[in-house]
**Student:** 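Submitted below is the structure of interest, expressed as structure tokens.
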Amino acid sequence: MRSEQEMMQLFLSIAQQDQRIRLVGMEGSRTNQNVPKDRYQDYDISYIVTDMDAFTKSEDWLDVFGKRVIMQKPEAMSLFPPQMEWFSFLMILEDGIKIDLSIIPIKLLSNYLSSDRLLTILLDKDGLVEHPPVPTDEDYWIKKPSAAFFDDCCNEFWFVATYVAKGLCRDEILFASFHIEQIVRVQLLQMLSWQVGAVHGYQFSVGKNYKYIRKYLSDDQWSLLMQTYRLDSIDNCWQALDAAFVLFREAAQAVSNELHYQYPDYDENVTKHLEQMKLNSTK
């Protein structure tokens with residue numbers, strides 16, 4: 001695998017040799033000093049150009065990056081209707097490097113600069129950016145919840161838990177597991193992140209999709225969280241739901257105590273209701 005230095009030199013040399021590329025930016029984890037460096041990080045690179053068609057009508061110019069295992073062009077796919085006027089080439093190369101390369105018309109430079117605070121300028125041929133951005137992951141820090149947000153999270157968790165139980169009572173494992181995956185665990189992870197913030201403060205991020213949250217959880221909490229991913233049988237789904245209840249209740253009560261918010265009493269009501277549903281389903 002080529003080194004970061006080699007790849008950065010390649011990105012810049014391409015831009016320096018092509019007059020249609022006026023500015024080069026980089027976004028994502030490689031601009032974030034709080035993210036551990038490793039070989040699996042993507043290169044999120046943007047070329048700000050004067051002629052979009054020159055870069056989008058043919059893929060031949062991309063061969064300079066190396067032989068591709070696979071490439072995706074989201075803006076050219078029916079599955080992902082384009083949201084902006086720029087164009088992306090997402091490439092995985094044979095040596096394991098992944099490049100997310102965006103081609104952006106120069107008229108949208110201001111849109112690009114405001115699109116992500118984890119952004120740095122690598123090359124600006126014309127001095128177009130008077131005040132180059134300083135990358136920060138502040139937008140991704142744990143956000144202290146308001147009382148309303150806290151209550152909504154509790155309500156969504158406990159309300160949708162009844163959907164899971166209904167699916168399990170009907171032996172509809174796909175229905176049940178969907179609601180665990182897409183809603184119940186989402187609210188659980190949100191509450192766990194708020195608990196982390198209540199203990200450690202709110203000036204840091206637990207990472208995209210909570211990928212760094214493990215370092216802030218106890219071994220028991222992590223074990224329970226992992227149980228919520230075992231959804232391959234009705235029994236395991238019930239156990240996953242029970243584990244989620246224990247974790248959520250503990251985290252929510254910790255947050256409510258720290259922030260002086262009221263923890264809702266429907267926890268007890270829903271728990272009893274679901275216990276009765278489970279009992280009736282086995283008769």
Side-chain angles (χ1 to χ4, degrees), residues 70 72 74 77-83 90 140 142-143 145-197 206-214 216-256 261-283:
I70 189 171
Q72 187 176 92
M77 298 173 70
S78 298
L79 189 61
F80 306 111
Q83 302 295 315
L90 314 182
Y140 305 95
I142 302 169
K143 292 178 174 58
S146 66
F149 267 67
F150 173 78
D151 189 67
D152 287 349
C153 182
C154 293
N155 187 276
E156 182 76 345
F157 177 89
W158 289 108
F159 195 87
V160 176
T162 67
Y163 293 18
V164 177
K166 181 167 61 176
L168 295 176
C169 289
R170 290 173 170 169
D171 204 27
E172 296 171 346
I173 191 169
L174 296 184
F175 178 91
S177 62
F178 173 88
H179 284 86
I180 292 177
E181 290 277 4
Q182 299 296 320
I183 303 177
V184 170
R185 196 186 309 112
V186 170
Q187 301 307 319
L188 170 60
L189 286 165
Q190 178 66 84
M191 189 61 72
L192 286 171
S193 75
W194 288 340
Q195 181 188 26
V196 170
V206 289
K208 185 177 182 180
N209 302 126
Y210 305 95
K211 62 184 178 180
Y212 302 132
I213 201 169
R214 181 177 185 176
Y216 303 102
L217 302 181
S218 68
D219 290 343
D220 287 343
Q221 285 179 308
W222 183 253
S223 178
L224 284 170
L225 181 59
M226 290 300 96
Q227 284 186 41
T228 71
Y229 288 85
R230 298 175 192 139
L231 305 173
D232 58 343
S233 70
I234 295 296
D235 285 344
N236 282 346
C237 283
W238 279 117
Q239 291 175 24
L241 196 59
D242 289 340
F245 287 175
V246 173
L247 263 181
F248 189 90
R249 184 179 297 116
E250 177 186 284
Q253 289 176 343
V255 173
S256 69
Y261 295 160
Q262 183 174 354
Y263 182 63
D265 57 9
Y266 47 71
D267 169 345
E268 183 177 355
N269 298 335
V270 172
T271 301
K272 288 180 180 178
H273 175 69
L274 298 193
E275 287 174 351
Q276 189 61 48
M277 287 181 68
K278 183 178 180 180
L279 180 63
N280 291 339
S281 70
T282 59
K283 289 181 178 179

**Student:** Rounded to the nearest 0.5 Å, how far apart are CE of Met191 and CG of Leu189?
**Tutor:**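 Here the rounded value is 11.5 Å.
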**Student:** I need the minimum non-hydrogen distance between Glu181 and Val186, along with the two atoms involved.
**Tutor:**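 Glu181 and Val186 have their closest heavy atoms at O-CG2, 3.8 Å.
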**Student:** Specify whether Tyr261 and Phe150 have parallel, tilted or perpendicular ring planes, treating 30° as the upper limit for parallel and 60° as the lower limit for perpendicular.
**Tutor:**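 Tilted.
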**Student:** Just how far is it from atom SG of Cys237 to atom CG of Asp242, taken to the nearest 0.5 Å?
**Tutor:**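 Reported value, rounded in 0.5 Å steps: 11.5 Å.
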**Student:** Side chains of Gln190 and Glu156 only: does a donor on one sit below 3.5 Å from an acceptor on the other?
**Tutor:**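 Looking only at side-chain atoms, Glu156 and Gln190 do not form any donor-acceptor pair under 3.5 Å.
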**Student:** Are side-chain N/O atoms of Thr271 and Asp267 paired as donor and acceptor at under 3.5 Å?
**Tutor:**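 Indeed, the side chains of Thr271 and Asp267 share at least one donor-acceptor pair under 3.5 Å.
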**Student:** Checking the side chain of Gln221 only, and the main-chain atoms of Ser218 only, is there a donor and an acceptor separated by less than 3.5 Å?
**Tutor:**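 Side chain of Gln221 to backbone of Ser218, a donor-acceptor pair under 3.5 Å: yes, one is there.
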**Student:** What's the shortest heavy-atom distance between Ala254 and Gln195, and which atoms?
**Tutor:**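 Nearest pair, atom of Ala254 first, then Gln195: CB-NE2, 3.7 Å.
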**Student:** Salt bridge (Lys or Arg N to Asp or Glu O under 4.0 Å) with Lys211: which residues, sequence neighbours excluded?
**Tutor:**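 Lys211: no salt bridge (Lys or Arg N to Asp or Glu O under 4.0 Å) contacts found.
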**Student:** Is any side-chain heavy atom of Leu225 closer than 4.5 Å to one of Leu188?
**Tutor:**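 A side-chain contact under 4.5 Å exists here.
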**Student:** Is atom OH of Tyr229 surrounded by more than 12 heavy atoms (other residues, nucleotides or ligands) closer than 6.0 Å?
**Tutor:**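 Atom OH in Tyr229 is packed in, count exceeds 12.
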**Student:** Sub-3.5 Å donor-acceptor pair from the side chain of Tyr266 to the main-chain atoms of Asn155, do we have one?
**Tutor:**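 Flag set: sc Tyr266 to bb Asn155 pair under 3.5 Å.
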**Student:** In Å and rounded to the nearest 0.5 Å, what is the CG to CG distance from Leu224 to Leu192?
**Tutor:**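 Here the rounded value is 10.0 Å.
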**Student:** Between the side chain of Ser256 and the main-chain N/O of Gln253, is any donor-acceptor distance below 3.5 Å?
**Tutor:**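 At least one qualifying donor-acceptor pair exists.
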**Student:** Which heavy atom in Ala244 sits nearest to a heavy atom in Phe157, and how many Å separate them?
**Tutor:**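 Closest heavy-atom pair between Ala244 and Phe157: O-CZ, 3.6 Å.
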**Student:** Just jot down the side-chain contact (heavy atoms from CB on, under 4.5 Å) partners of Gln72, sequence neighbours excluded, or say none.
**Tutor:**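 With sequence neighbours excluded, Gln72 shows a side-chain contact (heavy atoms from CB on, under 4.5 Å) to Pro74, Met77, Phe80, Leu90, given in chain and number order.
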**Student:** Taking all non-hydrogen atoms of both residues into account, name the closest pair between Leu241 and Ala161 and its distance.
**Tutor:**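 Looking at all heavy atoms of both residues, the closest pair is CD2-O, 4.2 Å.
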**Student:** Keeping the roles fixed (side chain from Asp151, backbone from Ala147), state whether a donor-acceptor pair exists under 3.5 Å.
**Tutor:**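 Answer holds: no.
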**Student:** Taking the side chain as every heavy atom from C-beta outward, state whether Ile173 and Leu231 have any pair of such atoms under 4.5 Å apart.
**Tutor:**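 Counting from C-beta outward, Ile173 and Leu231 never come under 4.5 Å.
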**Student:** What's the spacing between Trp222 CH2 and Ile213 CD1 if we round to 0.5 Å?
**Tutor:**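 Going from the CH2 atom of Trp222 to the CD1 atom of Ile213 covers 8.5 Å.
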**Student:** Angle class for the Phe175/His179 ring planes (parallel below 30°, perpendicular above 60°, tilted otherwise)?
**Tutor:**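 Rings of Phe175 and His179: tilted, as their planes differ by 30° to 60°.
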**Student:** Tyr163 vs Ile183, test: side chain to side chain contact (heavy atoms under 4.5 Å, CB included). Steps then yes/no.
**Tutor:** CA-CA 10 Å; Tyr163 293 18; Ile183 303 177; 5.9 Å; no
**Student:** Just how far is it from atom CD1 of Ile180 to atom CZ of Arg230, taken to the nearest 0.5 Å?
**Tutor:**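 Nearest 0.5 Å value for the CD1-CZ distance: 13.0 Å.
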**Student:** Take a 6.0 Å sphere around NZ of Lys208 and say whether it holds more than 12 heavy atoms from other residues, nucleotides or ligands.
**Tutor:**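 Check fails, neighbour count at 12 or below.
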**Student:** I need the minimum non-hydrogen distance between Tyr263 and Ala252, along with the two atoms involved.
**Tutor:**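 That would be CE1-CB, 3.4 Å.
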**Student:** Side chains of Asn280 and Gln276: donor-acceptor distance under 3.5 Å anywhere?
**Tutor:**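 A pair is found: one side chain offers a donor N or O, the other an acceptor, under 3.5 Å apart.
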**Student:** Roughly how far, to the nearest 0.5 Å, is CH2 of Trp158 from CZ of Phe248?
**Tutor:**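 Going from CZ on Phe248 over to CH2 on Trp158, the span is 7.5 Å.
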